[in-house]
Structures are given as structure tokens and as C-alpha cells.
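See below for the structure under consideration.
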Amino acid sequence: MSARPVLPGATLGILGGGQLGRMLGMAARSLGYGVVVWAGNYDAPARVIADRVLTQPHGDLEGTIELMRTCDLVTLEWENMPAETVDVLSEHRPCHPSASVLRITQDRLAERALLDRLGIPTAPAYGVRTAEDLHTAWQKVGLPARVKTARGGYDGGGQWRVRTETELGSLPTMDGTTAYRWEKEVNFEREISVLLARSSTGEVRVYPAFENEHTGGILHLTRCPARISPEVARRAEEIARSVAEALQIVGMLTVECFVVAAPGGGHDVWVNELAPRVHNSGHLTIEASSTSQFEQHIRAVCGLPLGETTLRSPAAMVNLLGDKSRARVQLTGVPEALSVPHTHLHLYGKQEVRARRKLGHVTALAGSPEEAVARAIRAHGALGFEG
Ligand code: ATP
Ligand code: MG
């Protein structure tokens, strides 16, 4: 563990230029750091908060050298960055999270192997590459199932829901070239996420669990506090801590979990997946928590003391997604949305609207989570697109 903190005045490099990079960059700037964003293209939400933007494709050698030259420390907003680039960067600069964390969390099969090794419950699953594997998975794990690409999936992409034998026909051809995971569909009671920060000094702070609702595999609504028992909360936190220690991660870690009814009564916590970074379900920490997940990540990677993770207020967040393809975002209803009390709108500055693309989010605070949900939904409902 490095003991020497990277102090404000230093420049932080962020791999990735999406909304997570943008909000991380804003937190870094507030703390007085310089920011270089390796966006990989010219139209990235994080470009406006950076002192310098790199547009080379990720993995490019010239970009790697440029980042090394301009930054004191490197972090990332998305785990699907070339691990080889992080290998090279980390020979010259501190890089958090590490390439070894990326190699595990980029691959659903490697991630599952880690969780199995730690004895953490997950949905029954089977790794699949060939038609023969597929048959075995079907026999062993059964239907209904979710078949997920081992690498590169996000926001429900690279996933197939198979409920019946006939729907097996909708799966991609299993020709041995691509790895998938056949996963039993879980009849969960709730979905929660546990966000945790682990700093380069080894200090750990855990946020209270957030409760998430997905629509079509994409996050729609987060509320806090989650409607879970103290036992479930304790178990979820214990799982997150053990994963963080096993990975020796530095920065934020998100553990997405299913809360399922236990056979003998009560509930079990199963892990769905890990994200070695800030997370969409943590956006409400900007207003609802003592320390936002973005500031916390910056503190963690820089080796500064971590902030309090206590909730200041019940809160709810609703994602603003694109409805269909449009050349420009022309948002309507902003005054109406902002007239809902204790409501905040975050827009990511994306130029182009596409169906289901994340364009922003609304967070509302209130005296109770129910009222916060009602406010966030009301504000979100006032928003629309034109053009
Ligand atoms: P993201 O990276 O955006 O979190 P992803 O594409 O990696 O998403 P998952 O988190 O695996 O996908 O799945 C997205 C959502 O689909 C889950 O949050 C859950 O609602 C549902 N889902 C995934 N796997 C299962 C399962 N085995 N049983 C029931 N629901 C599932
Ligand atoms: Mg997920």
C-alpha cells in the first residue's frame, strides 16, 4: 500500500470520457486536481471538464505515452479498457484500479470463479462456448435462463433471455469462438447495490445499500434506503468487503446483488455482478450522501482520508434515457421538472439521442423514500424530447 498521498495540484488521468468520467472529473476539479480525459473520440461528455482531452482510440501507444507524460496518477470510469494499456501505464504511474482487477471484472467467467472461491452465492450458471456446452447448460442449469456474453456486455446488451426450448433458437451460434455464461433466471425479491471505497492506504468505507429497479436490463430507478432487513444489509456489506479485500481494489467497487427468499424463511444475498468503479446506482450520493461516490473515488485513488458515507436524506434517482434516434437533444419540461421540491437535474451533454441511451438523471430528496420516489418520477415525467 502506498503511504504517500497524491495531493491537489497533481493531474489525474481518466480512462474513458462518458458521464461517469465527467462526474469523476468534476469531483477531481473541485478538489483542485488537474484532469486529463482519454475520451477516445471528440464527442464525449467528459471533454468539457478536462484540461486536456485525448482522442486516440483506447489502447493506442501514442495515447498511452501522452497520458503518462501529462498525468501523475491514472484511474478509469469503465472497466472495459485494454488491460495491457493499464499494464504499461502502471509501470510508470500509479493506476487504480489495477490491471489484475480489470482482468477479473472484464470477464464474467473469471469474476464468477472469484466469487465461487470466496464462497459467495450466485445464480446457478455454466460457461458456454459450443453447441455441446449449450446442451449441457440447458440440462444442468435449466430454463428460464439469461445467456450473457462473458466479455463486453453492459446495460443489458450482449444478453439473451431464454424462457422456452423454442427461444434457444434466438441465441447466437455457439461456434467455439466466443464465451458466454448460461445463468439461471433468478426470481429475486429485490435488487440492491453495495458501493464501497477502498483507498490506497487500505481504508474502507461502505455506503448503505441502494435499491434498484431495472427495465429491459437497464437501470430505471434507485432508492435509498433500500427496503431490506438489517441482516440482509449486514450480509451485503460483508460480501462487498470480502470482494474488495480479495481484489485488493483501490477506488470504488460496486457489488450488484439479488435479494432472494431463503428456503427456510428470511433472505439470502446473491451477487449478480461486480463493477470496479463508480456506478449509476450511486448517482444519488451527489445529493443524498455526506460524500458523493465521485469525490470518494478520487479520495480513494489519491490516498486521501475517505469521507463519511452516511445518508443525509432518503432519496431517489431516475435515469433519463433517449426515446429514439434524434440528431440533437432538445429537452422540454425542464422548468416543470425543477419546480418539484428538492429535485436536481443532471444532464451529461450528449449531442445525439438514441433509444435507451443514458442522457442524464433526476435525483429527488424527501422525508421518506416513498415521497422521494414520487418526486423523482414526477420530475422525470415532466421531461421530454423535441426535434
Ligand atoms: P450493467 O453493466 O448495466 O449493470 P449488464 O449488461 O452487465 O448491466 P447485468 O447486470 O448482468 O447486465 O443484468 C442487467 C439486469 O438484468 C440485472 O440488473 C437484472 O435486473 C437482470 N438480470 C440479469 N441477470 C439475471 C438473472 N440471472 N436473473 C434475473 N434477472 C437478471
Ligand atoms: Mg448489472
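Counting convention: from 1, in listed order, for ligands and their atoms alike. As a basis for the values below, the full set of heavy atoms in this structure was taken, side chains included, without hydrogen atoms, waters or symmetry mates. Just so you know, these numbers come straight off a predicted model, no measurement behind them. In this chain, residues are counted from 1 in sequence order.
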Looking only at N, O or S atoms, find the one in Glu273 nearest to the Mg ion (ligand 2) and name it. OE2
From the N, O or S atoms in Glu256, identify the one nearest to the Mg ion (ligand 2). OE1
Can we say [X] and [Y] salt-bridge, meaning some charged N sits less than 4.0 Å from an Asp/Glu carboxylate O?
| X | Y | answer |
| --- | --- | --- |
| Arg146 | Glu183 | no |
| Arg227 | Glu211 | yes |
| Arg52 | Glu66 | yes |
| Glu167 | Arg161 | no |

Does the ring centre of Tyr154 sit less than 6.0 Å away from the ring centre of Trp78? yes
Protein heavy-atom partner closest to [atom] - residue, atom, separation in Å:
| atom | value |
| --- | --- |
| atom 22 (N) of ligand 1 | Arg146 NH1, 3.7 Å |
| atom 3 (O) of ligand 1 | Asp155 N, 2.9 Å |
| atom 28 (N) of ligand 1 | Val186 N, 2.8 Å |
| atom 14 (C) of ligand 1 | Gly217 O, 3.7 Å |
| atom 11 (O) of ligand 1 | Lys148 NZ, 2.7 Å |
| atom 13 (O) of ligand 1 | Gln159 NE2, 3.2 Å |

Evaluating non-hydrogen atoms only, which member of Glu273, Lys184, His279 is closest to atom 1 (P) of ligand 1? Glu273
Identify which of Ala275, Gly156, Ala123 has a heavy atom lying nearest to atom 6 (O) of ligand 1. Gly156
Could you verify whether a donor N or O on one side chain and an acceptor N or O on the other, from Asp175 and Thr173, lie under 3.5 Å apart? no
Is there a path of hydrophobic side-chain contacts, each under 4.5 Å between heavy atoms of I, L, V, M, F, W or Y residues, that connects Val271 with Val101? yes
Kindly list each side-chain donor-acceptor pair under 3.5 angstrom involving residues 252-264, sequence neighbours excluded, with atom names and distances?
{"unit_1": "Thr254", "atom_1": "OG1", "unit_2": "Arg277", "atom_2": "O", "d": "3.0"}
{"unit_1": "Glu256", "atom_1": "OE1", "unit_2": "Asn272", "atom_2": "ND2", "d": "3.2"}
{"unit_1": "Glu256", "atom_1": "OE2", "unit_2": "His279", "atom_2": "NE2", "d": "2.8"}

Close N or O approach (Glu191, ligand 1; < 3.5 Å): yes
Which atoms of ligand 1 are found less than 4.0 Å from any heavy atom of [X]?
| X | result |
| --- | --- |
| Phe188 | 29 (C), 30 (N) |
| Glu256 | 4 (O), 10 (O) |
| Glu183 | 24 (N), 25 (C), 26 (C), 27 (N) |
| His214 | 18 (O), 20 (O) |

Could you check Glu352 against Arg354 for side chain to side chain contact (heavy atoms under 4.5 Å, CB included), going step by step and ending with a plain yes or no? CA-CA 7 Å; Glu352 200 191 310; Arg354 287 196 299 273; 3.6 Å; yes
List for me each residue that meets side chain to side chain donor-acceptor pair (under 3.5 Å) alongside His214, sequence neighbours excluded, and say none if there are none. Glu191
Between Arg108 and ligand 1, which residue portion shows a heavy-atom distance shorter than 4.0 Å: side chain, backbone, both, or neither? side chain
With a 4.0 Å heavy-atom cut-off (strictly under), which part of Asn272 contacts ligand 1: side chain, backbone, both or neither? side chain
Arg234 and salt bridge (charged side-chain N to carboxylate O under 4.0 Å, His left out): which partner among Glu238, Glu237, Glu231? Glu238
